[in-house]
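For ligands, and for the atoms within them, numbers begin at 1 and follow the listed sequence.
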Amino acid sequence: MCLWTEYALVSSSSALSGRRVLLIIGGGIAAYKSLDLIRRLRERGVSVRAIMTRAAAEFVTPLSVSAVSETQVHQSLFDLTQEAEMGHIQLSRDADLLVVAPATAHMMAQMAHGLASDLATTALLATDKPVLLAPAMNVRMWTHVATQRNLATLIADGVSVVGPGDGNMACGEFGPGRMAEPLEIVAAIEAKLAGTSNNASSKLPLSGKHALVTSGPTHEPIDPVRYLANRSSGKQGHAIAAALAKLGAQTTLVAGPTQMADPAGVDVVHVETAREMLAACEAALPADIAVCAAAVADWRVEHNAEQKMKKDGKSPPSLTLVENPDILKTISRHKSQRPALVIGFAAETENVLAYAQAKRTRKGCDWIVANDVSPDTGIMGGDMNKVHLIFAETHEDWPQLSKGDVADRLVHRIADYFEELV
Ligand code: CTP
């Protein structure tokens, strides 16, 4: 028996209206924010069922959770009444999305290892639905190598993550570990559910649009065995291409050399150099959307050697560099085939907002996704990203998200942009 329809939905105008979330509340001080999260979701017409761990009930009462969600709270794997009404397997599969908030270090470790010791972890292991985590813990626990290893495993398993943010913590320390705010979690839920539909036959938001994405580094040859390159992994650009395709866009990904697998449902053109990347992009036009996420090498060697350069026992060779074509600028200023929406990236190590804003104007694109790629952020090559989305007049500061979630959220904004044009 499915009980989702038994409780009233408040709003029908929200993008989330009619969606079903199974909220798993872990045992941390941030559990108190789960009450506000439920309220925000209910305001948007979301049906919320909640599972609380034993530790969660030490921080917030099941009665409060039951009152705001307007339904029974599930706590035990061995509660015969609850099992008879709705078994734990059905509970884990009846939702559109499972949200773990707060996700403690212990719960993340259990999930990463596939442990199922209570109702919460059993539901997480038994589900066939997407999972979103909002981690919350002490800063040292978050930065601990074991937690980061578990995080990487979970992201590789397809789990999405929102936060944690920086701030003063209940334990008196400062740093990353604070649970994302309820509205940030709502936005992440919206982005996560944007690619899935209540109604399988409904049209996807970017159906009929052609999207062009660049991703990865470029390699600029010095001789047949050596090249100039950078540390870009292609994770962010590939995730954007996958997210565009998921929302229905016919997507062409022009990819520099990376270790990444080609995303499903995307037409991939593999290139090596900046000039090849530009040629492939121009050949892919016209497009409605262009997202230039590649870390294109700014320079190439003026004359690359046809044979391997040999040491001659004298001075090392000097390389004369010349500037590569700017692909983003070429697409943004294209006379006949400029896409309706052109988005660039700005990888900066200082003055991130100011440099990115100037870059937007200089290159002529519509939006810029700016991030701080200083070595201590771990963004270059890592799984997480913290970006600012820059428009002509304003900007948005996004919380720390996995690169997959940055992609989902960006593509959701792209879909909103085209919807507003209609
Ligand atoms: N870009 C491009 N072609 C280039 C260089 C950059 O398409 N030859 C694009 C990138 O894909 C990104 C944006 O331009 O979307 C900004 O890249 P970034 O490396 O941050 O900027 P640069 O152009 O290198 O500018 P600066 O040297 O000032 O950092």
Side-chain angles (χ1 to χ4, degrees), residues 211-221 227-241 244 251-258 260 269-285 287 289-302 321-334 337-339 341-375 377 379-381 385-392 395 403 406-407 410-411 413-414:
L212 168 64
V213 180
T214 69
S215 180
T218 61
H219 285 180
E220 307 298 332
Y227 55 83
L228 296 176
N230 59 61
R231 296 182 193 282
S232 169
S233 62
K235 285 181 185 170
Q236 189 62 82
H238 278 58
I240 290 169
L244 284 160
T251 306
T252 306
L253 171 64
V254 181
T258 75
M260 306 289 298
V269 183
H270 294 278
V271 297
E272 289 268 327
T273 68
R275 285 184 295 176
E276 286 169 8
M277 187 172 274
L278 175 63
C281 287
E282 289 189 307
L285 292 175
I289 306 150
V291 183
C292 292
V296 184
D298 289 318
W299 303 283
R300 66 177 183 277
V301 176
E302 188 174 24
L321 302 181
V322 291
E323 204 165 313
N324 266 329
D326 192 313
I327 298 163
L328 173 62
K329 200 166 166 181
T330 308
I331 294 175
S332 298
R333 303 203 184 279
H334 205 285
Q337 293 185 309
R338 186 195 193 275
L341 182 62
V342 182
I343 304 172
F345 269 69
E348 308 291 351
T349 55
E350 57 177 349
N351 301 329
V352 176
L353 283 180
Y355 282 170
Q357 262 144 356
K359 204 167 270 183
R360 197 195 71 81
T361 317
R362 194 168 70 243
K363 302 218 178 195
C365 58
D366 301 297
W367 303 351
I368 282 261
V369 182
N371 55 14
D372 184 346
V373 292
S374 309
T377 61
I379 285 175
M380 210 79 171
N385 206 352
K386 189 163 185 334
V387 307
H388 311 273
L389 182 59
I390 295 178
F391 309 105
H395 77 268
K403 288 183 175 173
V406 167
L410 179 67
V411 168
R413 292 303 307 258
I414 294 173

Per-atom contacts, ligand 1 versus Asp298 - under 4.0 Å to a heavy atom: 5 (C), 24 (O)
Looking at every heavy atom in both Gly344 and Leu328, which two are closest together, and how far apart are they? CA-CD2, 3.7 Å
For the side chain of Thr218 and the backbone of Glu272, is there at least one donor-acceptor N/O pair under 3.5 Å apart? no
Please list, in number order, the atoms of ligand 1 under 4.0 Å from a heavy atom of Ala294. 10 (C), 11 (O)
Once you restrict to heavy atoms under 4.0 Å, what part of Ile327 touches ligand 1? Side chain, backbone, both or neither. both
Is it the side chain (CB and beyond), the backbone, both or neither of Ala274 that lies under 4.0 Å from ligand 1, heavy atoms counted? neither
Logged contact type for Lys359 with ligand 1, heavy-atom cut-off 4.0 Å, is side chain
From CD1 (Ile343) to CG (Leu389), nearest 0.5 Å: 7.5 Å
Taking 4.0 angstrom as the limit and counting only heavy atoms of Cys292, give me the atoms of ligand 1 inside it, by number and element. 11 (O), 12 (C), 15 (O)
At less than 4.0 angstrom from any non-hydrogen atom of Pro325, what atoms of ligand 1 do you find? 3 (N), 4 (C), 8 (N)
Mind telling me whether His219 and Tyr227 have parallel, tilted or perpendicular rings, with 30° and 60° as the class edges? parallel
Considering the heavy atoms of Gly344, write down every atom of ligand 1 situated less than 4.0 Å from one of them. 15 (O)
Is atom 19 (O) of ligand 1 close to the protein, meaning a heavy atom under 4.0 Å from it? no
Testing Lys235, Gln236, His238 one by one against Ser215 for a side-chain hydrogen bond (donor to acceptor under 3.5 Å, both in side chains), which residue passes? His238
salt_bridge(Arg300, Glu323) N-O dist < 4.0 Å: no
Which ligand 1 atoms, with their elements, are less than 4.0 angstrom from a heavy-atom of Ala346? 20 (O)
With heavy atoms of Leu328 as the reference, note each atom of ligand 1 found under 4.0 Å away. 2 (C), 7 (O), 9 (C), 13 (C), 14 (O), 15 (O)
For Thr361 and Arg333 the tightest heavy-atom approach is O-NH2, 3.4 Å
Is any NZ, NE, NH1 or NH2 atom of the basic residue among Asp326 and Lys363 found under 4.0 Å from an Asp or Glu carboxylate oxygen of the other? yes
Before you tell me yes or no, could you show the steps for Asn324 and Glu220 under side chain to side chain donor-acceptor pair (under 3.5 Å), namely the whole-Å CA-CA distance, both residues' side-chain angles and the distance that decides it to 0.1 Å? CA-CA 10 Å; Asn324 266 329; Glu220 307 298 332; 3.3 Å; yes
Using distance alone, decide if ligand 1 has a nitrogen or oxygen within less than 3.5 Å of any nitrogen or oxygen in Phe345. yes
Check Arg362 against ligand 1 and report side chain, backbone, both or neither, counting heavy atoms closer than 4.0 Å. side chain
Suppose I only count heavy atoms of Ala347 and a 4.0 Å limit; which atoms of ligand 1 are within that range? 20 (O)
N-O pairing of Asp366 and Arg338 below 4.0 Å: yes
If you measure every N or O of Lys363 against every N or O of ligand 1, does any of those distances drop under 3.5 Å? yes
Please check whether Val296 reaches ligand 1 - meaning an N/O of the residue sits under 3.5 Å from an N/O of the ligand, judged on distance alone. no
